[in-house]
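These notes are about the structure you will find just below.
Below, each value reflects all heavy atoms present in this structure, side chains not excepted, and no hydrogens, waters or symmetry copies.
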Amino acid sequence: MVIFSVSFSIYCYSNLRVGLEEKAKTTTDFFGNYISQSYNEYYQSCIRFAQTFEEKNNLELQFISTSGKIVASSYGQWAGQAPETSDIADAIATGEISHFMGRNPHTGERILAVSSPMIYVNGEVIGVLRYVTSLRNVDKQIVMAVGIAVLLGILFIAFVLYSSRFFIRSILEPVSEITATAKRIASGSYGARIQKHQDDEIGELADTINDMSAKIAQSEKMQSEFISSVSHELRTPLTAITGWGETILSADQIDPAETRRGMVIILREARRLTGMVEELLEFTRMQDGRFTLNMEEADLRAEFEDTVFMYGSRLQQEGITLEYEENDEEIPEIPCDVSRMRQVFLNILDNAAKHGGEGKRITASIHHEGSNVVVRIRDFGPGIPEEELPHVKMKFYKGSSKARGNGIGLAVCEEIVTMHGGTLTLENAPGGGTLVTISLPTGEE
């Protein structure tokens with residue numbers, strides 16, 4: 001503010017001084033061309049010019065002799081003392097325009113005076129033309145301008161303070177709330193939500209964190225259910241193996257038929273455990289990036305038909321019919337991992353039997369459609385609740401189904417199909433049941 005005040009004052013005084021100097025030079029030039037060579041005519045011209053001076057309300061025009069005495073003034077007959085400011089002597093001595101700004105030695109008033117030497121035709125300085133103005137009005141304008149600047153500065157500071165307070169309320173407080181909730185989520189309070197105050201970037205951040213919190217809570221719940229499901233799945237075959245093992249060992253007389261029956265059950269449950277362990281190992285490989293494919297050109301239809309016929313005989317024992325829709329269309333060989341694709345087919349068929357087996361019927365087909373080989377497997381069971389469809393391929397998700405399983409089979413299948421560049425979709429089929437569609441690229445342009 002001090003710098004502004006000083007700079008503005010210098011600007012105002014400088015403009016006023018330059019204006020008076022230009023005016024003094026113009027008037028001096030006029031007199032240099034107009035007056036005759038008679039000193040008497042010169043002084044008479046000065047008096048007449050001073051008497052007719054039109055700006056006497058703002059300026060005083062003085063004609064001063066080389067001795068420093070006032071010859072004529074626009075204020076009338078001079079009755080006071082001669083001016084004693086330095087501008088007069090400087091103008092006479094240098095022959096150049098000079099100025100003085102300060103207090104009048106006689107009145108104490110702040111003035112600005114500009115003196116221009118009057119040059120006679122022979123180059124002699126015969127007097128000084130002097131303009132004098134009071135700085136009272138200029139000082140008032142400067143004070144007023146500085147006052148306005150101070151007021152604007154105060155208003156600006158008040159605005160900044162208000163804006164800062166508003167910023168603290170609208171930005172920092174919500175951020176603090178978000179930080180506190182994020183810490184709660186990090187400490188284990190999954191599902192905690194942030195109250196959304198505004199539809200801005202902060203509100204969008206709150207929505208994102210709320211969505212993240214909900215997904216973490218859902219994931220935590222699914223993992224807990226997964227652990228419980230796996231524990232149950234492991235306990236069932238282990239109970240059967242342990243029970244039959246103890247039965248066979250504790251028998252006093254070994255009945256070959258009973259022993260054989262027990263060994264068949266033990267072998268079947270052991271294989272079931274092996275399959276579960278292998279599925280879990282596949283899942284861990286998928287999670288840590290060790291899940292790989294051994295790609296080769298293969299007849300996918302032949303592999304699919306073998307899987308369908310092999311699994312179909314097993315389903316017959318459970319009273320479920322597996323229908324394969326044969327066709328004569330050409331299906332090209334495609335690059336794939338044969339064992340992984342067999343794993344996908346078996347898993348999808350097993351899911352159809354477990355979740356849709358009450359329909360007692362499953363259909364399977366394979367077709368060449370455009371640049372893809374498309375496999376479809378449909379059951380005729382109750383289907384999947386619409387609200388669960390978006391989640392059924394998520395790891396650990398089991399939904400409302402009561403069928404056995406650990407919730408990772410479909411996640412592994414989708415990973416295999418995706419790594420082949422294909423897609424795996426599940427939907428409720430018209431008329432009931434679930435339709436699974438596997439689409440794999442043939443690699444043809």
Side-chain angles (χ1 to χ4, degrees), residues 6 8-146:
V6 172
F8 185 73
S9 300
I10 292 173
Y11 171 79
C12 291
Y13 293 140
S14 176
N15 277 358
L16 181 60
R17 177 180 59 78
V18 171
L20 287 181
E21 288 178 349
E22 290 292 330
K23 191 175 188 64
K25 185 177 184 304
T26 301
T27 307
T28 303
D29 291 343
F30 166 77
F31 268 87
N33 296 325
Y34 177 75
I35 62 174
S36 65
Q37 296 185 12
S38 168
Y39 281 102
N40 183 51
E41 287 181 357
Y42 159 70
Y43 286 117
Q44 290 301 318
S45 296
C46 291
I47 293 171
R48 284 195 302 272
F49 192 86
Q51 289 174 347
T52 59
F53 185 60
E54 296 179 353
E55 298 181 57
K56 61 179 65 179
N57 292 331
N58 299 319
L59 292 173
E60 180 183 1
L61 171 61
Q62 299 175 344
F63 291 95
I64 302 173
S65 66
T66 54
S67 62
K69 302 297 183 181
I70 296 178
V71 175
S73 170
S74 59
Y75 281 5
Q77 185 66 34
W78 182 259
Q81 296 176 311
E84 298 178 359
T85 55
S86 60
D87 57 299
I88 301 171
D90 290 342
I92 294 172
T94 63
E96 302 289 340
I97 295 177
S98 182
H99 73 275
F100 168 81
M101 187 172 66
R103 296 195 176 277
N104 189 320
H106 302 300
T107 64
E109 182 182 12
R110 277 175 48 78
I111 62 170
L112 173 62
V114 173
S115 295
S116 179
M118 302 286 289
I119 311 294
Y120 204 52
V121 290
N122 59 0
E124 178 187 0
V125 177
I126 60 173
V128 173
L129 182 147
R130 185 172 185 254
Y131 282 117
V132 184
T133 184
S134 172
L135 294 178
R136 184 184 303 113
N137 291 335
V138 177
D139 290 342
K140 285 182 179 179
Q141 291 177 357
I142 292 174
V143 170
M144 184 178 296
V146 171

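- Look at Arg136 and Glu109 and you find a salt bridge, because one of the NZ, NE, NH1 or NH2 atoms lies within 4.0 Å of a carboxylate O, short of that distance.
- For the pair Gln62/Val132, a side-chain contact is recorded, criterion being any heavy-atom separation below 4.5 Å from C-beta on.
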Show me the donor-acceptor pairs, under 3.5 Å and distance only, between side chains in residues 89-99 and residues at least two apart or in other chains.
unit_1, atom_1, unit_2, atom_2, d
Thr94, OG1, Asp90, O, 2.6
Thr94, OG1, Glu96, N, 3.2

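- For Lys69, there are no salt bridge (charged side-chain N to carboxylate O under 4.0 Å, His left out) partners, not counting sequence neighbours.
- By the salt bridge (charged side-chain N to carboxylate O under 4.0 Å, His left out) test, Glu22 is found to be paired with no residue, residues two or more places apart in sequence or in another chain being considered.
- Comment: Arg17 engages Glu21 in a salt bridge, judged by a side-chain N to carboxylate O separation of less than 4.0 angstrom.
- Tyr131 and Ser115 share no donor-acceptor pair across their side chains, judged by distance under 3.5 Å alone.
- Proximity of a side-chain donor or acceptor of Thr133 to a complementary backbone N or O of Ala113 within less than 3.5 Å is not detected.
- Relative ring orientation between Phe49 and Phe63 is described as perpendicular, the plane-to-plane angle rising above 60° on a 0-90° scale split at 30° and 60°.
- Counting only heavy atoms from C-beta outward, the side chains of Lys56 and Leu61 never approach each other to under 4.5 Å.
- Expressed to the nearest 0.5 Å, how far CG of Asp139 lies from CE of Met144 amounts to 12.0 Å.
- Side-chain atoms of Ile88 and Phe100, non-hydrogen and from C-beta on, never get closer than 4.5 Å to each other.
- The distance from the CG atom of Asn58 to the CD atom of Glu55 is 7.0 Å, given to the nearest 0.5 Å.
- Considering only heavy atoms from C-beta on, Pro83 comes within 4.5 Å of Arg130 through its side chain.
- Atom-to-atom distance recorded for Ser9:OG and Leu135:CG is 11.0 Å, nearest 0.5 angstrom.
- A donor-acceptor pair shorter than 3.5 Å can be found between the side chains of Glu60 and Ser73.
- Heavy-atom minimum distance, Leu112 versus Met101: CD1-CB, 3.9 Å.
- For the atom pair CG of Leu129 and OG of Ser116, the computed distance is 6.0 Å after rounding to the nearest 0.5 Å.
- Across every non-hydrogen atom of Ala24 and Val114, the tightest pair is CB-CG1, 4.1 Å.
- Atoms NZ and CG, on Lys23 and Leu20 in that order, are 8.5 Å from each other to the nearest 0.5 Å.
- Atom CE in Met118 sits 9.0 Å away from atom OG1 in Thr27 (nearest 0.5 Å).
- The shortest side-chain heavy-atom distance between Val138 and Leu16 falls under the 4.5 Å cut-off.
- Across all non-hydrogen atoms, the minimal contact from Leu59 to Phe53 is O-CE2, 3.8 Å.
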